[in-house]
Amino acid sequence: MYDFLLPDMGATAPILLVALIGVVLVVVDSFSNDSASIPWLSGAVLVAAITIELARVGVTDSAFMGHVMSGGFASFVNVVILLGALGSVILSVPYLSRTGHNFGEVHALILIATAGMMVLANAGSLITLFVGLETMSICLYVLTGLVRDNERANESALKYFLLGAFSTGFFLYGIALLYGATGTMMLSDMPAALVETGRTGFFAGGVALLLIGFFFKVSAVPFHMWTPDVYQGAPTTLAGFMSTASKTAAFAALILVLGRILPLDDVGLDTRHVLAIVAAITMVVGNVLALAQRNIKRMLAYSSIAHAGYILTGLAAGALGYAGALYYLLAYTVMNIGAFGVMSVLEWDGKQGAEQTIDSLAGIGSRKPLLGVAMGVFMFALSGFPPLAGFFGKYFVFAAAVDAGLTWLALIGVLASVVSAYYYLRVLVAFWMKKPEDAHVSVQSAAFDVPLFSKVVLVACVAALIALGIVPGFITEAAGAFFVTPEATALLP
Amino acid sequence: MLETFLFFLFAIVAVVGALGMLIARNPVSSALWMIMTLFSIACLYITLNAEFIGVIQVLVYAGAIMVLFLFVIMLLNLESMPSLGDLDWRKVVAFALGIAVLAQLLVVISLKLDVMPEPVAIAEAADATSATNIGIALLTEHSFSLEIIGVLLLAATVGAVMLAKKRFV
């Protein structure tokens, strides 16, 4: 009677595989003291999952009675999430070994968090949406507080946990109201059910609460307060993981929700104004506050807030902007993993880089040219210089906003990204053009070797940014095919 | 007739338990009074044919959560509770009246706006919430979510141990 469950497991194989290996790692770690095989195992399963998903980008499917999406959009997003996880795992091994926190459990939690993100990004119903969100969040709370002897890490983990639990409450109330208004948990059934019941008041309340939950997870202003503290206190490579993979998952879920239940003009609800206003505030506040930061991790946190604003601009444009937002998420993942990766090998304050100022990195570029050049590429990409991938990401979302009649929003975005060039380039000035004043610092900085695998990841990120920037077409075509409206495809080059 | 009798019986026990919880000056007796309330609410569920929710109410609230409460009471060692004589009874009356007016207003507003859901026949509701149907749904339609929740609970346990245990300093 329930024969469909077996093929459904095949359709969701990457999620199940990653979760399964996550559980297996917990067991392996408890039986063996040899933790060297654990990162290899988790790297291998991530590569396997990426391979499966790449093969499934062409098909569109759903599993478990529509509760989980599979193939197409879901596969594309999963690839981005898995790439972020893979980069973080590889960069984390030397970083965590150096700080003495390379436990098997960390890798298990990274894998389980990745599985949760994929569930969130592939959700077909409000239940899977919530389960995925919680799986992701709880693992991230723990990973934030990993370094227990660092007070700032404890503070940031507690802050993240309390605020996150609070936002989960909003999210859950939103789900309850949406269910009360429509009587269904399936995202695809919602618009029809809403027209039938006519409970738009309930529904609007649910949408508002749900959006608050999403805004918190993607750290949009005014729900961004936790981001700088958490990124500053968390272990650097894991902060990179949080800022890329979890944001990708949350944005993908937001696209699913917006695309499936919010084209509700026929019942008089239009969320695009809300998204546009939040996007504008987020871009302005994120970029302006980033100007004042002296700590690079904090600066990158504000920059990640600003980037959430750019992506929200794409979402505010409606279906026109979804493909651009997906391209942006891929580019953003690559450049942020790289930037946090560079910082992870340039930390010598013993506090996970929480107290290190930008000036302490003076002259690093000439001392470690590979890191200097790589950081240069990441900073130019983040600020949106052509021909790197960051430029085309911004171009796609802003062009979509203009086409959707939100010219003022695109204008704010362009001005905000002009401002952002100042703080990104300031890092490069410190890296290449300043002389180290403190001999002590330069001695310490020379003591760190850059591990081979970290070099490989950083070079791969640089190469990917250049490749994505030179030939953006194949990604946007793939992404555009998921939203097959004529307007959406006409926009793409 | 029996239904009405049972409803009022359990409802009165629930309200008495709630009042007892507020009036008791010993935190442990307060917790025990609260168990009485939770139990009679579970009985109310069962008289509505919602056996599953009733059993879960006993297991989760009267069982697990109350044990947690008792642990917290033990750990915090709450001793000095303000005595009842110190209460300003005028404030209590004002509070009760305020709540009553608010409730009336909410009822009037919700009737006017027609936001209250339609009541469902007991037989229909009982069918949807029977343990059999919930079990079938959990293991077929929601089997994926069930598995992921299992992984989530494991991750939470592992994380709690990681953050609390000595080896991980």
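- Rounding to the nearest 0.5 angstrom, the gap separating the CZ atom in A/F161 from the CG atom in B/L163 is 10.5 Å.
- Of the atoms belonging to A/L16, it is side-chain heavy atoms, and not backbone ones, that fall under 4.5 Å from chain B.
- Heavy-atom proximity under 4.5 angstrom to chain B picks out A/V119 from residues 113-121 of chain A.
- With a 4.5 Å cut-off on side-chain heavy atoms, A/E105 and B/V161 do not count as touching.
- When heavy atoms are compared at a cutoff of 4.5 Å, A/T12 approaches chain B solely by way of its side chain, counted from C-beta outward.
- Ranked by heavy-atom pairs under 4.5 Å with chain B, the list A/V68, A/D8, A/L20, A/T197 is led by A/V68.
- Contacts between residues 3-19 of chain B and chain A, defined by a heavy-atom separation under 4.5 Å, are made by no residue at all.
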List the atom pairs, with distances to 0.1 Å, where a side-chain N or O of residues 133-155 of chain B and a protein N or O form a donor-acceptor pair under 3.5 Å, not counting sequence neighbours.
residue	atom	partner	partner atom	Å
B/N133	ND2	B/D127	O	2.5
B/N133	ND2	B/D127	OD1	3.4
B/T140	OG1	B/I136	O	2.7
B/E141	OE2	A/H67	NE2	2.9
B/S143	OG	B/T140	O	2.9

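- If you measure heavy-atom distances from A/L143 to chain B, you find no contacts under 4.5 Å at all.
- Looking at A/V23, both its backbone and its side chain come within 4.5 Å of chain B, counting heavy atoms on both sides.
- Proximity to chain A among residues 52-65 of chain B is not found for any residue, judged by heavy-atom separations below 4.5 angstrom.
- Within a 6.0 Å radius of CZ in B/F39, no more than 12 heavy atoms belonging to other residues, nucleotides or ligands are found.
- For A/M9, the CE atom sits in a loose shell: 12 or fewer heavy atoms of surrounding residues, nucleotides or ligands are nearer than 6.0 Å.
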